[in-house]
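As structure tokens, the structure follows; a few thoughts come after it.
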Amino acid sequence: MDPGGENVTGERLRAAREAAGLSLSAMAARTHYSKALLGLLETGQRTVRAEHVRTYADALGVGSALFVEPADGERAAAEWMQRAAASDIGGDTLERLELAVDDLASAYPTTAPGELLVRIRRHLGYAGRLMDSRKTLTQHRRLLVAVGWLSLLGSTCHVDLGDIPAAAGRGHLAWKLANEAQHPEISAWCLETRAWQLLTAGEFTAAAELSRAAQAIAPADSSVHIQATAQEGRALARLGDSTGTYGTLRRVARLVSGLSAPDRPEHHFRYDPAKSDAYVATTLAWLGDPAAEPYARHVLTDLSGATSTRPRRIASANLDLGLALVAADKPDEAADVALAAVTSGRLVPSNYWRVTEVVTGIENRDTADAAVVREAFRDTYRP
């Protein structure tokens with residue numbers, strides 16, 4: 001049966017679309033119609049014709065007869081229920097994909113961003129094939145969420161590599177998917193990740209504003225809420241706002257107080273309370289607070305005694321200590337710890353500016369030591 005448009009109302013088109021879990025934007029992407037035209041059809045402001053019904057049926061993968069209410073309403077409901085329950089995806093397929101996402105996020109601290117991107121792309125390709133499969137509404141949302149996390153992690157890797165256009169593209173996709181799946185945590189992480197990128201680019205005011213925006217939409221007491229608060233503190237430290245910086249540090253301390261370690265503390269999107277001191281050390285070093293030196297030493301001591309090696313965090317802590325030692329007029333030791341950070345080979349492009357900052361500070365007091373660190377940096381990270 002292929003009914004004409006005169007038998008179908010815009011309300012039926014909208015009901016069919018919503019039953020499939022699609023927004024107007026998603027429907028427009030599946031058809032040659034604009035979002036505006038679809039809205040006019042569904043609200044009755046445009047006459048529904050047979051071609052519109054066929055287009056909807058093709059986009060939703062259903063028979064056009066389902067848009068017309070049959071005499072037997074109970075049978076129509078049964079047909080829709082059968083359609084909603086139909087799926088080509090096996091029971092544990094999405095669970096395996098979600099576990100893979102967690103594995104990739106947990107590998108982030110110890111894996112080179114370029115290498116991690118290869119793995120992320122492979123899983124995105126697999127998820128894309130699943131997206132083309134028939135699936136239930138619940139499976140559709142789970143898949144959107146998984147792809148959202150993968151895209152966000154990919155964006156983070158691109159930020160680390162200094163590839164900002166690619167980072168923006170993947171971040172925008174993650175944002176759109178989060179909105180589609182109504183997942184505020186991913187949305188907040190998108191803003192927090194962008195705030196970090198702006199912070200590394202020297203756009204401190206914008207970074208602070210985005211960090212606040214992330215906090216505003218993040219679920220209360222979530223990892224991203226804590227991380228975005230810490231990010232705001234670092235941005236304020238760069239702006240020289242000591243009052244605001246200390247205020248955010250106190251807020252983070254309250255949020256972290258009593259917080260237990262997650263089951264996978266290395267997971268990039270799960271806040272590990274053990275990171276708190278490291279964030280404080282960075283923030284105080286950027287603010288120029290003398291307390292940064294003992295904090296950074298404490299962090300390095302804890303990391304060196306940790307059962308799991310976290311070389312990227314150790315390299316970052318050495319840069320924090322180096323900057324604090326420069327401020328304390330200890331250029332010799334600052335050169336030593338900066339050299340340790342550089343020769344670890346664990347720095348990523350988004351952190352190169354921090355090396356430059358420490359080396360410049362050393363150079364103002366000891367040009368020979370600064371030259372050694374600069375030469376080691378060129379040898380280690382030469383393209």
Side-chain angles (χ1 to χ4, degrees), residues 89-131 133 135-136 138-161 167 170-171 173-193 196 214 218-228 230-231 256 259-276 278-279 306-313 346 348:
I89 299 177
D92 60 348
T93 300
L94 286 176
E95 184 176 352
R96 289 199 304 270
L97 178 62
E98 289 161 346
L99 289 173
V101 171
D102 284 340
D103 287 341
L104 291 169
S106 299
Y108 172 79
T110 56
T111 308
E115 178 185 336
L116 195 60
L117 271 172
V118 172
R119 296 162 61 184
I120 291 171
R121 291 190 188 102
R122 185 165 62 246
H123 284 84
L124 280 171
Y126 174 63
R129 292 190 292 276
L130 292 179
M131 193 66 76
S133 302
K135 51 197 170 296
T136 67
T138 299
Q139 289 175 329
H140 179 71
R141 184 181 184 277
R142 287 175 65 186
L143 190 55
L144 289 178
V145 170
V147 175
W149 284 123
L150 286 170
S151 300
L152 180 59
L153 187 60
S155 178
T156 306
C157 291
H158 283 299
V159 170
D160 287 339
L161 292 171
R170 290 197 184 276
L173 174 59
W175 174 264
K176 296 288 286 185
L177 292 170
N179 287 340
E180 187 75 26
Q182 297 182 349
H183 200 291
E185 189 175 3
I186 294 179
S187 297
W189 274 113
C190 288
L191 296 180
E192 190 280 336
T193 302
W196 165 244
D221 300 326
S222 61
S223 290
V224 64
H225 189 274
I226 300 172
Q227 183 73 10
Q231 201 73 281
V256 173
L259 186 67
S260 58
D263 56 345
R264 301 183 77 168
E266 68 279 9
H267 197 295
H268 182 61
F269 299 117
R270 295 177 190 166
Y271 191 87
D272 177 11
K275 296 178 183 177
S276 184
Y279 284 122
T307 54
S308 59
T309 304
R310 296 176 181 175
R312 283 172 64 178
R313 200 186 294 182
R346 294 291 182 164
V348 294

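Positions are given from 1 along the sequence.
Residues forming a salt bridge (charged side-chain N to carboxylate O under 4.0 Å, His left out) with R122 (at least two apart in sequence, or on another chain): none. The side-chain hydrogen bond (donor to acceptor under 3.5 Å, both in side chains) search around E192 returns Q231, not counting sequence neighbours. Taking the side-chain contact (heavy atoms from CB on, under 4.5 Å) definition, one finds that V348 meets it with P113, D160, R312, S350, N351, sequence neighbours left out. Among residues two or more places apart in sequence or in another chain, the side-chain contact (heavy atoms from CB on, under 4.5 Å) test is passed with A218 by A188, S222, V224, H225. With sequence neighbours excluded, the residues that form a ring pair (Phe, Tyr, Trp, His ring centres under 6.0 Å) with H268 are Y108. Applying the salt bridge (charged side-chain N to carboxylate O under 4.0 Å, His left out) rule to D263 yields the partners R270; only residues at least two apart in sequence or on another chain are considered. Scored by the salt bridge (charged side-chain N to carboxylate O under 4.0 Å, His left out) test, E115 finds no partners at all (sequence neighbours excluded). Contacts of D103 classified as side-chain contact (heavy atoms from CB on, under 4.5 Å), with partners at least two apart in sequence or in another chain: R264. Annotation: side-chain contact (heavy atoms from CB on, under 4.5 Å) contacts of A107 (sequence neighbours excluded): T111, L116, R119.
Heavy atoms only, all atoms of each residue included: S106 and H267 are closest at OG-CD2, 3.7 Å. When all heavy atoms of P273 and A261 are compared, the pair lying nearest together is CD-CA, 3.9 Å. Y271 and S223 get closest at one heavy-atom pair: N-OG, 2.8 Å. Among all heavy-atom pairs drawn from L130 and K135, the shortest one is O-NZ, 3.9 Å. The minimum heavy-atom distance between L97 and A127, with the atom names listed, is CD2-CB, 4.2 Å.
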Side chains of residues 148-159: which donor-acceptor pairs under 3.5 Å do they make with residues two or more places apart or in other chains?
{"from": "S151", "atom 1": "OG", "to": "V147", "atom 2": "O", "distance (Å)": "2.9"}
{"from": "S155", "atom 1": "OG", "to": "A167", "atom 2": "O", "distance (Å)": "2.8"}
{"from": "T156", "atom 1": "OG1", "to": "L152", "atom 2": "O", "distance (Å)": "3.0"}
{"from": "H158", "atom 1": "NE2", "to": "R170", "atom 2": "NE", "distance (Å)": "3.2"}

Using distance only, find each side-chain donor-acceptor pair of residues 175-184 under 3.5 Å and give its atom names and separation, not counting sequence neighbours.
{"from": "E180", "atom 1": "OE1", "to": "S23", "atom 2": "OG", "distance (Å)": "3.0"}
{"from": "E180", "atom 1": "OE2", "to": "S23", "atom 2": "N", "distance (Å)": "3.4"}
{"from": "E180", "atom 1": "OE2", "to": "S23", "atom 2": "OG", "distance (Å)": "3.3"}
{"from": "H183", "atom 1": "ND1", "to": "I186", "atom 2": "N", "distance (Å)": "3.3"}

Q: With side-chain contact (heavy atoms from CB on, under 4.5 Å) as the test, would you mind laying out the steps for F269 and Q227 before giving the verdict?
A: CA-CA 9 Å; F269 299 117; Q227 183 73 10; over 6 Å; no
Q | Derivation of the side-chain contact (heavy atoms from CB on, under 4.5 Å) call for R313 and R346 | A | CA-CA 9 Å; R313 200 186 294 182; R346 294 291 182 164; over 6 Å; no
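Between atom CG of residue L94 and atom CD of residue Q139 there is a gap of 5.5 Å, rounded to the nearest 0.5 Å. Atom NE2 of H140 is separated from atom CG of L143 by 7.5 Å, given to the nearest 0.5 angstrom.
Screening residues 144-159 for salt bridge (Lys or Arg N to Asp or Glu O under 4.0 Å), with sequence neighbours left out, gives no hits.
Using a 4.5 Å cut-off on side-chain heavy atoms (C-beta onward), L104 and H123 make contact. Taking the side chain as every heavy atom from C-beta outward, T93 and Y126 approach each other to under 4.5 Å.
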